[in-house]
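Predicted, not measured: the structure shown is a model, and the values here were computed from it. Just the heavy atoms: all of them, side chains too, but no hydrogens, waters or symmetry mates, feed the values below.
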Number of protein chains: 2
Amino acid sequence: MPRNKTYDNDLVLEKAMNIFWINGYEGTSVRMLEKEMGINQFSIYASFKNKKNLFINALRKYREHVIKNRFQPLLQEEAGFAQLENFLLSAATSKNGKDEKKGCLVVNTAGEIGEHDPDIALEINQYYDFIRSMILKVLQNAIKKDEIPTNTDIEKQASFFLGVMQGISVASKTMNSSQLNDFVSIALAQIE
Amino acid sequence: MPRNKTYDNDLVLEKAMNIFWINGYEGTSVRMLEKEMGINQFSIYASFKNKKNLFINALRKYREHVIKNRFQPLLQEEAGFAQLENFLLSAATSKNGKDEKKGCLVVNTAGEIGEHDPDIALEINQYYDFIRSMILKVLQNAIKKDEIPTNTDIEKQASFFLGVMQGISVASKTMNSSQLNDFVSIALAQIE
DNA sequence: TCATATTCTAAGCGTACGCTTAGAATAAAA
DNA sequence: TTTTATTCTAAGCGTACGCTTAGAATATGA
């Protein structure tokens, strides 16, 4: 009986993610969203309830995005220190790429909204739980592969590398490529 | 001839800084500002021109604030690695203190506004230029004091520790004290 | 004491915000 | 073909935004 939508939910969500990424939550108006998503306000509210819920969905979409475009090699079953090294170094040098100038959507959101909204704070925490467990797995593999010492405290190292990644997200806005590279190189060298 | 102000510019600016620190730029309305600063909108605009200019002044006030409350030991003429160590470790453990839950105003601003406003972006860059030169001086002293190897590349190390500090500012919102401590401990251990 | 430059109060300007709604359009089921 | 559930368009709701202004209040210099 029903009439069909003329747009794809997942596709317009990705557009929403991008404009939130560029402008932040408060900095993105519903008028900007309807222009960027290519649908009008009625459809936005019909499909995503309200602006905040759309933003939370955009945060989840962002996780899919970075998994696909950044973390994939690190999520391979046998990913080890070589993959971590490659990931960090390329994150540092690709700062001139289109993605990195915007920083990280999650870090930006943590800065802008932080703990003020519990639903969004939860989303942020879940994101970092995911990253942390990804790093842990990689470090476990690295020990198996003899890339790092057997007695490495991988829990502590996971905190360290997570902190470094968060640092990169800020530094990508304030440092040049060579400084970023120095930062990452030293972070990587400490473990060997 | 003129009538005098009933408030102190510097004092109300500090109040403004605090509410911007808590709520961010967009998240702080002029109505909130007049309530917190204890003066009405006319006085705000008379003394600070407009909201953005007030915010820029608040950013500068923030620098004074952290110099006084955080960086002072690091700015002593003979400050070395011991001071850096102490600073980072206390930044990691005092996360339950009143200041650290809010993160760093400059990092929050970089996330929220970033490069969108050139005037604010300039202020952010000047802040980090200042921090970087402070770290550089400390590392120079550390070599003199034989706290770190003579052949240490202090420029690279400055980028590293600046990155770590930016990481802490984000991590202070997403990690617990023990994880933060692990992060900082490893960052410090790499240089020795 | 009085004139004057400045500050204060409080009201309100125009605009943009997030969100809703009435009614026309449309695609599937009967 | 008709019915019906849903989507679409476009207009506009109430509210909060950043900012301004007219006029009363007030502290100084003459």
What is the separation between atom OH on B:Tyr45 and atom P on C:dC8, rounded to the nearest whole Å?
16 Å
Scan for salt bridge (Lys or Arg N to Asp or Glu O under 4.0 Å) pairs involving residues 74-92 of chain A, sequence neighbours excluded, and state none if there are none.
A:Glu77-A:Lys137
Smallest heavy-atom separation, B:Ser47 atom then B:Lys5 atom, equals OG-NZ, 2.9 Å
Tell me whether the side-chain N/O atoms of B:Thr6 come closer than 4.0 Å to OP1 or OP2 in C:dC8.
yes
Pairwise N/O distances under 3.5 Å, protein to nucleotides 10-17 of chain D:
{"residue": "D:dC17", "atom": "OP1", "partner": "B:Ser29", "partner atom": "OG", "Å": "3.3"}

Salt bridge (charged side-chain N to carboxylate O under 4.0 Å, His left out) against A:Glu64, all qualifying residues, sequence neighbours excluded:
A:Lys61
Could you say whether A:Tyr7 or B:Lys52 is positioned toward the 5' end of DNA chain D, judged by the nucleotide with the nearest heavy atom to each?
A:Tyr7
Taking atom P of D:dT9 as reference, at what distance in whole Å does atom CE of A:Met37 sit?
14 Å
Taking the inter-plane angle between the rings of B:Trp21 and B:His65 on a 0 to 90° scale, is it parallel (under 30°), tilted (30 to 60°) or perpendicular (over 60°)?
perpendicular
Students often mix this up, so state it plainly: with edges at 30° and 60°, are the rings of A:Phe160 and B:Phe160 parallel, tilted or perpendicular?
tilted
Is the charged tip of A:Arg70 near the ring of A:Phe87: under 6.0 Å from the six-membered ring centre and within 45° of its axis?
no
Per A:Ser43 side chain, nearest of listed nucleotides C:dC8, D:dC8, C:dG18:
D:dC8
State which residues pass salt bridge (charged side-chain N to carboxylate O under 4.0 Å, His left out) with A:Asp119; sequence neighbours excluded, sorted by chain then number.
A:Lys52
Gap between atoms NZ and P, on A:Lys49 and C:dG18 respectively (whole Å):
17 Å
Output the rounded distance in Å from CD1 (A:Ile44) to P (C:dC19).
10 Å
For A:Glu123, check salt bridge (charged side-chain N to carboxylate O under 4.0 Å, His left out) against everything at least two apart and list the hits.
A:Arg60
Would you call the rings of B:Tyr62 and B:Tyr127 parallel, tilted or perpendicular, where under 30° means parallel and over 60° means perpendicular?
tilted
In whole Å, what is the span from the CZ atom of A:Phe48 to the C1' atom of D:dT7?
15 Å
Between atom CD1 in B:Ile39 and atom P in C:dT6, what is the gap in whole Å?
18 Å
How close or far is atom P of D:dT7 from atom CG of A:Asn4, stated in whole angstroms?
9 Å
Distances for protein N/O vs nucleotides 1-3 of chain D N/O pairs under 3.5 angstrom?
none

Give the rounded distance in Å between these two atoms: CZ of A:Phe55 and P of C:dC19.
14 Å
